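A short write-up of the structure that comes next.
Lettering follows sequence order; numbering is per chain, from 1. The model shown is predicted, which means the values in this text are computed figures rather than measured ones.
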2 protein chains.
Amino acid sequence: MKRDSRLSSVLHALLHMAEREGPMTSEDLATCMNTHPVVVRRTMGLLREAGLVRSARGPQGGWRISADLGTVTLRQLHETLGEPAIFAIGNRQEMPGCLVEQAVNAALDDAFAEAEALLLHRLGQITLADLAADFSRRHAGRREGKT
Amino acid sequence: MKRDSRLSSVLHALLHMAEREGPMTSEDLATCMNTHPVVVRRTMGLLREAGLVRSARGPQGGWRISADLGTVTLRQLHETLGEPAIFAIGNRQEMPGCLVEQAVNAALDDAFAEAEALLLHRLGQITLADLAADFSRRHAGRREGKT
DNA sequence: CAATTCGTAATAAACGAAGTTACATGAAGC
DNA sequence: GCTTCATGTAACTTCGTTTATTACGAATTG
């Protein structure tokens, strides 16, 4: 199944932007993420609407973060992306008349709702700053390993 | 994204079969599930391999349950279906060289793994007998409402 | 041997995410 | 103002996955 990887994408983009002084162009971001600049604009556009990043046209233009890394959670980003469906498994029919199917749906919906709640809770606990810190650790670790 | 609804499908089928004395043909099942008999055979075939149902060809043939409803869990069925991907959201690249992406993946993988564990645990607690009981409750409730 | 029913391969249809093309808009700098 | 750089966006294409369909084979019953 084709999975939505936009959350992963924007995180990658935001952390790269956080590492930089100036703005990054869609082209820059697309290169470091192996994708297409238009895809970057499309996705980052959603973050712009939410006030998380700003974009500027023309020379010296590009994207830059306009939010505090410590206050932006992964859950918030998920919501900003339009809360795409989390599960690749679902009910055959959403509003069945069949009582059998209603019983099946109820059981599955319950289980999935619980898992979703846990996931969103966890995503709500992780900030961009946390990821940046983890990146720094990995970076230091690699340098050490190389020495 | 297109969601895999086979778990929902087989549950629906199994409960209908449990309600019946004799075997049900692929045609019967397809009719009550609004799908195609070949799809039924394909999916039920996996359950047959796992010994959960039996099929017979020819007249008076069809499908019947060959397992105890109380011992078959939804998790087991999920596994029987080949453990299809649970999440519709994923990492852009599974084995990235980029340290930024590694940090992103690690965080997301963690959260998703936790949610998956919870979901599988829940599915492991629900048996076909539970669903059948819930169906009976709904059935009784509806009759009452109608009287 | 005819009717029924499963078994299965091969193919098509439907759908959604990501990629691509094309062109418009706006900003910087000469 | 004109050129260049860069975003904004709509339209279309490509790709992968799930489900549906067709076609034919094999087994069982009567």
Side-chain angles (χ1 to χ4, degrees), chain A residues 1-10 12-13 17 20 22-31 33-49 52-64 66 78 81-94, chain B residues 1-10 12-13 17 22-31 33-49 52-66 78 81-94:
Chain A
M1 159 162 315
K2 192 154 220 172
R3 294 153 102 183
D4 182 336
S5 61
R6 288 177 306 157
L7 180 57
S8 168
S9 289
V10 298
H12 192 169
M17 287 160 68
R20 284 254 203 126
M24 289 182 78
T25 66
S26 305
E27 190 91 30
D28 291 342
L29 289 170
T31 299
M33 296 164 67
N34 287 309
T35 183
H36 199 283
V38 174
V39 175
V40 172
R41 287 189 202 114
R42 207 150 51 200
T43 315
M44 297 298 284
L46 295 171
L47 303 200
R48 182 186 49 227
E49 287 169 23
L52 300 176
V53 299
R54 264 179 304 190
S55 60
R57 304 186 187 194
Q60 269 68 264
W63 301 87
R64 63 173 75 225
S66 64
H78 170 68
L81 292 175
E83 307 194 50
I86 290 176
F87 296 108
I89 294 180
N91 296 327
R92 151 169 298 272
Q93 234 185 316
E94 222 43 69
Chain B
M1 155 167 312
K2 191 152 220 174
R3 293 155 101 180
D4 182 336
S5 61
R6 289 177 305 157
L7 180 56
S8 169
S9 289
V10 299
H12 192 168
M17 287 159 68
M24 289 182 76
T25 65
S26 305
E27 190 90 32
D28 292 340
L29 290 170
T31 299
M33 296 164 68
N34 287 310
T35 183
H36 200 284
V38 174
V39 175
V40 172
R41 288 191 201 111
R42 206 149 52 200
T43 315
M44 297 297 284
L46 295 171
L47 303 199
R48 183 186 49 227
E49 286 170 23
L52 300 176
V53 298
R54 265 179 302 191
S55 60
R57 303 186 186 195
Q60 268 68 262
W63 301 88
R64 62 172 75 226
I65 297 183
S66 63
H78 170 67
L81 292 175
E83 306 195 51
I86 290 176
F87 296 108
I89 295 180
N91 296 327
R92 151 169 299 272
Q93 235 185 315
E94 222 43 69

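Here C:dA18 presents its C1' atom at 15 Å from CD of B:Gln93, a figure rounded to the nearest Å. Taking atom CG of B:Asp4 as the reference point, atom P of C:dG16 lies 15 Å away to the nearest angstrom. We find that CD of B:Glu27 is positioned 15 Å from P of C:dG7, with the value rounded to whole Å. Rounded to whole angstrom, the span from the CZ atom of B:Arg6 across to the P atom of D:dT19 amounts to 7 Å. As rounded to whole Å, 12 Å separates atom C1' of D:dC5 from atom CG of A:Asp28. For A:Leu46 and D:dG8, the CG to C1' distance is 13 Å, given to the nearest whole Å. Following rounding to the nearest Å, B:Arg54 (CZ) and C:dG7 (C1') show an atom-to-atom distance of 18 Å. As rounded to whole Å, 12 Å separates atom P of C:dA18 from atom CG of B:Asn91.
The B:Thr35 side chain lies nearest to D:dA20 when the options are D:dA20, C:dT20, C:dC6.
Applying the side chain to side chain contact (heavy atoms under 4.5 Å, CB included) rule to B:Glu49 yields the partners B:Leu46; only residues at least two apart in sequence or on another chain are considered. The side-chain hydrogen bond (donor to acceptor under 3.5 Å, both in side chains) test applied to B:Ser55 returns B:Arg48, not counting sequence neighbours. Residues that satisfy the side chain to side chain contact (heavy atoms under 4.5 Å, CB included) test with B:Thr25, not counting sequence neighbours, are B:Glu27, B:Asp28. Residues satisfying the side chain to side chain contact (heavy atoms under 4.5 Å, CB included) criterion with B:Pro59, sequence neighbours excluded, are absent altogether. Taking the side-chain hydrogen bond (donor to acceptor under 3.5 Å, both in side chains) definition, one finds that A:Arg57 meets it with nothing, sequence neighbours left out. B:Glu94 meets the side-chain hydrogen bond (donor to acceptor under 3.5 Å, both in side chains) test with B:Asn91; sequence neighbours excluded. Here A:Ser9 pairs with B:Arg92 under the side-chain hydrogen bond (donor to acceptor under 3.5 Å, both in side chains) rule; sequence neighbours left out.
In this structure, B:Met17 and B:Met44 have side chains that are in contact, with non-hydrogen atoms separated by less than 4.5 Å. Side-chain contact check for A:Val39 versus A:Met33: every heavy-atom pair is 4.5 Å or farther apart.
Residue A:Gly62 is classed as a sugar-phosphate contact, given heavy-atom separations below 4.0 Å to backbone atoms only.
For C:dG7, one of the phosphate oxygens OP1 or OP2 lies less than 4.0 angstrom from a side-chain nitrogen or oxygen of B:Ser55. A sub-4.0 Å separation between OP1 or OP2 of D:dA6 and a side-chain N or O of A:Thr25 is absent.
Taking for each of B:Asn34 and A:Gly61 the nucleotide of DNA chain D with the nearest heavy atom, the 5'-most of the two is the partner of A:Gly61.
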Show each protein N/O and nucleotides 9-13 of chain D N/O combination with a separation under 3.5 Å, one pair to a line.
{"residue": "D:dA11", "atom": "N6", "partner": "A:Arg42", "partner atom": "NH1", "Å": "3.2"}

Just the atom pairs and distances: protein N or O near nucleotides 26-30 of chain D's N or O, under 3.5 Å.
{"residue": "D:dA26", "atom": "N3", "partner": "B:Arg57", "partner atom": "NH1", "Å": "3.1"}
{"residue": "D:dA27", "atom": "O4'", "partner": "B:Arg57", "partner atom": "NH1", "Å": "2.9"}

